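Working notes, structure below.
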Amino acid sequence: MPNTLDIFSSYTMLATLELVKPETLFFSSRYFPTGAGDIFNSDKVLVEYTKGDRKMAPFVSERIGAVPVERRGYEIREFAPAHIGVSRTLTLDDLKKRGFGEALYSNTKPAERALRMQLEDMTDLNKRISRREEWMSVQTMINNACPVQEMFDAKTVGEEKLVQFFGSESSEHIYTVANMWNSKDGNITGDVYVMCEQLAGRGLNAVDLVIGSDVADVFYDDPVIARMIDKNSGINFGMINEQIVYPGVSQIGPLNFRGHRLTIYVVSTSYEDENGVTRPYFPKNSAMVTYPNCGHKMYGQITQMPYGSIDYKTIAAKRVPKLIVDNANDTRALSLKTRPLTAPRTYCPYIYAANVVG
């Protein structure tokens, strides 16, 4: 008897998801990648990080030999990742409609069209989740916390939660500029240098300067920046060679801020919120100093009753699909669920400055 493949099982659709090309998003890709140990077979995930240790070894008498020092401590917290779930229903009316790019008079059978539409739905739902993960990545960096607004359905608002990565009343990742960068007393290079030094004080190396689109306009017009990239000055402070590296993200080039050589990224990406309003992922008037892989994106397990089963199954994966069939109404729905958490790898690995231009 030939082997048959159940294309509607969760595990088969999981394999299909691996073939779906993900949407490339800047913050998720550069700062919050997912490693082999970031997918948990549990409802909660562990977040652990250390503070930078900059203490020196002491001089000791030869007779003593060695002075005992304390072991560097680390902080570990347990979080329950937020639950994200989206679905799309396929009806008989959908099957009767001509698909995008399909010939006007097509011989495609309903079952074949249903499979094609299922793959398209899976791709679209996956992209929507990826955009939410991008939003979570940005929120984690600018707040050192991530707000989670739960929904009972498309319109009913549920509980609002806050996943926070600092224990005191305020976080140590915030920097406030003394003067707006587009004012006569603005000091872009001085402020960026101080932000880099704050990271260095934790034993971290600043690599990236991320700025919003409004900040970029001021950046180009700054006379100090202009002198830094002047090839006739005889001093190599950096260069400007702007190029698109991600959709909506351009790389200006490396600049040297008193020894801190940073790659500058201008971010103008946006998303559509629940009310249909287009909003930027990263504030247009803000700036941030950080480095690649400063955080990671973890996932908790999903428990559900798969198609064709009467028992619950638990799956640990980035995305968990499910097919829901309503025979009475001749409909079926595809759902895609995930439980992501974006978290820093070390204590405050980013310095964020809001409202640097006005």
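If you read the sequence from its start, that first residue is 1, and numbering goes on from there. Everything quoted here is computed from the prediction, not taken from an experiment. The basis for the numbers below is simple: all heavy atoms, side chains too, and nothing from hydrogens, waters or symmetry mates.
Note: the hydrophobic cluster containing Ile324 does not contain Val320 (ILVMFWY, side chain heavy atoms under 4.5 Å, direct or indirect links). Under the 4.5 Å side-chain contact rule for hydrophobic residues, Met298 and Ile39 do not share a cluster. Neither Met180 nor Tyr352 shares a network with the other; the hydrophobic side chains, linked directly or stepwise wherever heavy atoms of I, L, V, M, F, W or Y lie under 4.5 Å apart, form separate groups for each. Hydrophobic clustering of Ile, Leu, Val, Met, Phe, Trp and Tyr side chains at less than 4.5 Å, counting indirect connections, unites Val194 with Ile188. Each of Tyr299 and Leu336 belongs to its own hydrophobic cluster when Ile, Leu, Val, Met, Phe, Trp and Tyr are linked at side-chain heavy-atom distances under 4.5 angstrom.
Between the OG1 atom in Thr290 and the NE2 atom in His173 there is a gap of 10.5 Å [rounded to 0.5 Å]. The CD1 atom of Ile351 lies 8.5 Å from the CG atom of Leu204; values are rounded to the nearest 0.5 Å. Note: Arg332 CZ to Leu90 CG = 6.0 Å, rounded to the nearest 0.5 Å. In this structure, CD1 on Ile302 lies 4.0 Å from NE2 on His83, to the nearest 0.5 angstrom. In this structure, CG on Leu199 lies 13.0 Å from OH on Tyr175, to the nearest 0.5 angstrom. Atom-to-atom distance recorded for Ser335:OG and Leu323:CG is 8.5 Å, nearest 0.5 angstrom.
Looking only at distances, no side-chain donor or acceptor of Asn329 sits under 3.5 Å from a matching main-chain atom of Thr331. Panel note: side chain Gln164, backbone Phe166; a donor-acceptor pair is recorded below 3.5 Å. Of the possible polar contacts, none joining the Thr140 side chain to the Cys146 backbone as a donor-acceptor pair under 3.5 Å is found.
The two atoms that bring Asp214 and Val357 nearest to each other are CB-CG2, 4.1 Å, heavy atoms only. Across all their heavy atoms, Cys348 and Arg202 have their closest contact at O-NH1, 2.6 Å. Here the shortest heavy-atom pairing between Ile174 and Ile142 reads CD1-O, 4.1 Å. What you find for Met305 and Asp311 is that their closest heavy atoms are CG-O, 3.5 Å. Residues Met136 and Thr342 come closest through the heavy atom pair O-OG1, 3.3 Å. What you find for Pro33 and Asn293 is that their closest heavy atoms are CG-OD1, 3.2 Å.
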- [ ] Mind running side chain to side chain contact (heavy atoms under 4.5 Å, CB included) on Thr269 and Val249 for me, showing each step along the way?
- [x] CA-CA 7 Å; Thr269 52; Val249 179; 3.9 Å; yes

Task: Worked verdict on Ile211 versus Val266 for side chain to side chain contact (heavy atoms under 4.5 Å, CB included) - done: CA-CA 5 Å; Ile211 58 178; Val266 180; 3.9 Å; yes

Task: Audit row: Thr314, Gln301, side chain to side chain donor-acceptor pair (under 3.5 Å) steps and yes/no - done: CA-CA 7 Å; Thr314 299; Gln301 65 185 15; 4.7 Å; no

Task: Intermediate values then yes/no, side chain to side chain donor-acceptor pair (under 3.5 Å), His260 and Glu197 - done: CA-CA 9 Å; His260 298 283; Glu197 285 295 291; 2.7 Å; yes

- [ ] With side chain to side chain contact (heavy atoms under 4.5 Å, CB included) as the test, would you mind laying out the steps for Tyr307 and Val325 before giving the verdict?
- [x] CA-CA 8 Å; Tyr307 166 72; Val325 178; 3.3 Å; yes

Open item on the list: Evaluate Phe282 against Met141 for side chain to side chain contact (heavy atoms under 4.5 Å, CB included), listing each step before the verdict.
Closed with: CA-CA 10 Å; Phe282 189 80; Met141 299 183 85; over 6 Å; no

Task: Worked verdict on Tyr350 versus Asn144 for side chain to side chain donor-acceptor pair (under 3.5 Å) - done: CA-CA 9 Å; Tyr350 25 67; Asn144 204 19; 2.8 Å; yes

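Just one of Arg339, Arg319, Lys318, Lys127 meets the salt bridge (charged side-chain N to carboxylate O under 4.0 Å, His left out) condition when paired with Glu133; it is Arg319. When the options Tyr291, Tyr31, Tyr265 are evaluated for a side-chain hydrogen bond (donor to acceptor under 3.5 Å, both in side chains) with Asp208, the one that passes is Tyr31.
Classified by interplanar angle (parallel below 30°, tilted 30° to 60°, perpendicular above 60°), the ring pair Phe257/Phe219 is tilted.
For an aromatic pair to be called close, the ring centres must be under 6.0 Å apart, and Tyr281 with Tyr271 satisfies this.
Listed by chain and residue number, Phe26 satisfy the ring pair (Phe, Tyr, Trp, His ring centres under 6.0 Å) test with Tyr246 (two or more places apart in sequence, or in another chain). Residues meeting the salt bridge (charged side-chain N to carboxylate O under 4.0 Å, His left out) test with Asp273, sequence neighbours left out: Arg279.
Proximity of Phe32 to Leu25: side-chain heavy atoms (C-beta onward) are nowhere separated by under 4.5 Å. Within the 4.5 Å cutoff, the side chain of Val192 has heavy atoms near those of the Leu262 side chain. Within the 4.5 Å cutoff, the side chain of Asn285 has heavy atoms near those of the Asn355 side chain. By the 4.5 Å heavy-atom criterion applied to side chains, Phe165 and Ser171 are not counted as neighbours.
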